[in-house]
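Have a look at the structure below before the remarks.
Everything numeric here is computed off the predicted structure, so don't read it as measured data. Numbers here are sequence positions counted from 1.
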Amino acid sequence: MGHWGWQIFEVEFLAEISVLAEGYVERLEGGGLRASPSSVLIEEAGTRVLVDPGADRDGLLFGLSKRGLKPREVDLIFVTHTHLDHILNLRLFPETDVCDSSFIYRGDEEISYGRLIPGTEVVVVPTPGHTPDHASLLVPIEGEIWLVAGDLFWWHSDAVQRTDHGSLLALEDELAYDQKALRASRMMALARADVVIPGHGKIFRPDQRFLSGLR
């Protein structure tokens, strides 16, 4: 079961999490899509980690500015996967280290790391299905587990966002690489997560109402 077997509830640390820009997928007239994911800021032990900088430049910069931050003040960027709508804004962070589930990329260097985002106690969990190398993050906050899901879960902006377990497991992903692996990853995630930040859509508690905001 990999990382999912760890007793992460026992980790003692204080983390803050903010959605800087909520993800969306909008259908364009005549075909095509306009899309950018939820860009999430995790702050823990003096380290600022930006998850999925996305493609919405103005939305991301506005979200950072509301936190009193500039792009150069982000310490590390984590990408859940490399679909372009999730990574185009990397160009705003030319000097910032970038990591995926296996390596930190610093210029032309690839540096391996363990199960935690460096400088934090945030757990990296493989969640293949949408892409083969897709990964999500588990963030313990005030006794609950927050899942920064990436595109493990996502909705078109005009879709009804159903959050009961059956609907979440059956949620259609027309871009998925492996539907069987995706379902297995979702089952593991839902067994652990109290709160989910999806790649595109509103924050939710499985089987409960959407959250109106972050604590």
Side-chain angles (χ1 to χ4, degrees), residues 1-5 8 17-28 31-40 42 51-56 59 78-88 100-101 122-141 144-214:
M1 299 291 285
H3 300 316
W4 292 93
I8 59 175
I17 192 165
S18 307
V19 176
L20 300 180
E22 186 177 277
Y24 57 87
V25 180
E26 299 173 353
R27 305 176 197 274
L28 297 177
L33 299 171
R34 178 182 290 111
S36 190
S38 291
S39 295
V40 179
I42 301 168
V51 185
D52 286 346
D56 180 2
F78 181 84
V79 294
T80 59
H81 63 294
T82 55
H83 283 170
L84 288 177
D85 62 314
H86 284 248
I87 64 172
L88 281 178
D100 58 15
S101 60
V122 175
V123 181
V124 180
V125 288
T127 48
H130 183 71
T131 63
D133 58 351
H134 193 285
S136 306
L137 300 178
L138 293 175
V139 188
I141 297 178
E144 294 189 310
I145 300 300
W146 287 61
L147 174 74
V148 185
D151 282 357
L152 183 62
F153 300 103
W154 69 274
W155 287 265
H156 287 274
S157 296
D158 59 358
V160 175
Q161 190 171 321
R162 302 186 189 281
T163 60
D164 62 278
H165 279 222
S167 296
L168 289 170
L169 291 176
L171 178 63
E172 182 181 359
D173 183 348
E174 65 229 43
L175 302 177
Y177 172 83
D178 185 330
Q179 297 286 351
K180 184 177 180 180
L182 179 62
R183 181 180 175 85
S185 293
R186 287 173 172 173
M187 289 179 68
M188 288 189 291
L190 291 174
R192 292 291 182 182
D194 297 298
V195 182
V196 179
I197 302 177
H200 309 265
K202 298 183 180 300
I203 303 168
F204 65 91
R205 292 181 181 271
D207 289 324
Q208 298 185 35
R209 297 181 301 179
F210 305 144
L211 297 185
S212 59
L214 299 176

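- Using a 4.5 Å heavy-atom cutoff, the side chains of P140 and I145 are in contact.
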Working for side-chain contact (heavy atoms from CB on, under 4.5 Å), residues R205 and T163: CA-CA 7 Å; R205 292 181 181 271; T163 60; over 6 Å; no

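- Summarising the geometry of E144 relative to V195, their closest heavy-atom pair is OE1-CG2, 4.1 Å, with the distance given to 0.1 Å.
- When all heavy atoms of H165 and P206 are compared, the pair lying nearest together is NE2-CB, 3.7 Å.
- In this structure, CG on D52 lies 7.5 Å from CG on D151, to the nearest 0.5 angstrom.
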Worked check of side-chain contact (heavy atoms from CB on, under 4.5 Å) between V196 and L168: CA-CA 11 Å; V196 179; L168 289 170; over 6 Å; no

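- Summarising the geometry, atom OG belonging to S136 is positioned 11.0 Å from atom CD1 belonging to I197; distances are rounded to the nearest 0.5 Å.
- Taken from CG in D56 to CG in L20, the straight-line distance is 11.0 Å, to the nearest 0.5 Å.
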Test side-chain contact (heavy atoms from CB on, under 4.5 Å) applied to L137 and V40, step by step: CA-CA 11 Å; L137 300 178; V40 179; over 6 Å; no

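- By the side chain to side chain donor-acceptor pair (under 3.5 Å) test, T82 pairs with no residue at all, sequence neighbours left out.
- In this structure, R183 CZ and M188 CE are separated by 12.5 Å, a value rounded to the nearest 0.5 Å.
- A heavy-atom distance below 4.5 Å is not found between the side chains of F78 and I42.
- Ring centers of H134 and H83: at least 6.0 Å apart, outside the cut-off.
- Here the closest heavy-atom approach between residue A55 and residue A35 is recorded as CB-O, 3.9 Å.
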Residues R186, D173; criterion side-chain contact (heavy atoms from CB on, under 4.5 Å); working and verdict: CA-CA 12 Å; R186 287 173 172 173; D173 183 348; 4.2 Å; yes

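- Ring planes of H86 and H81: tilted class, angle from 30 to 60°.
- In this structure, the separation between CZ on R27 and CG on L33 is 7.0 Å, given to the nearest 0.5 Å.
- Ring pair F153/W155 is parallel by interplanar angle, where below 30° counts as parallel and above 60° as perpendicular.
- Taking CD of E174 as the start and NE2 of H156 as the end, the distance is 3.5 Å to the nearest 0.5 Å.
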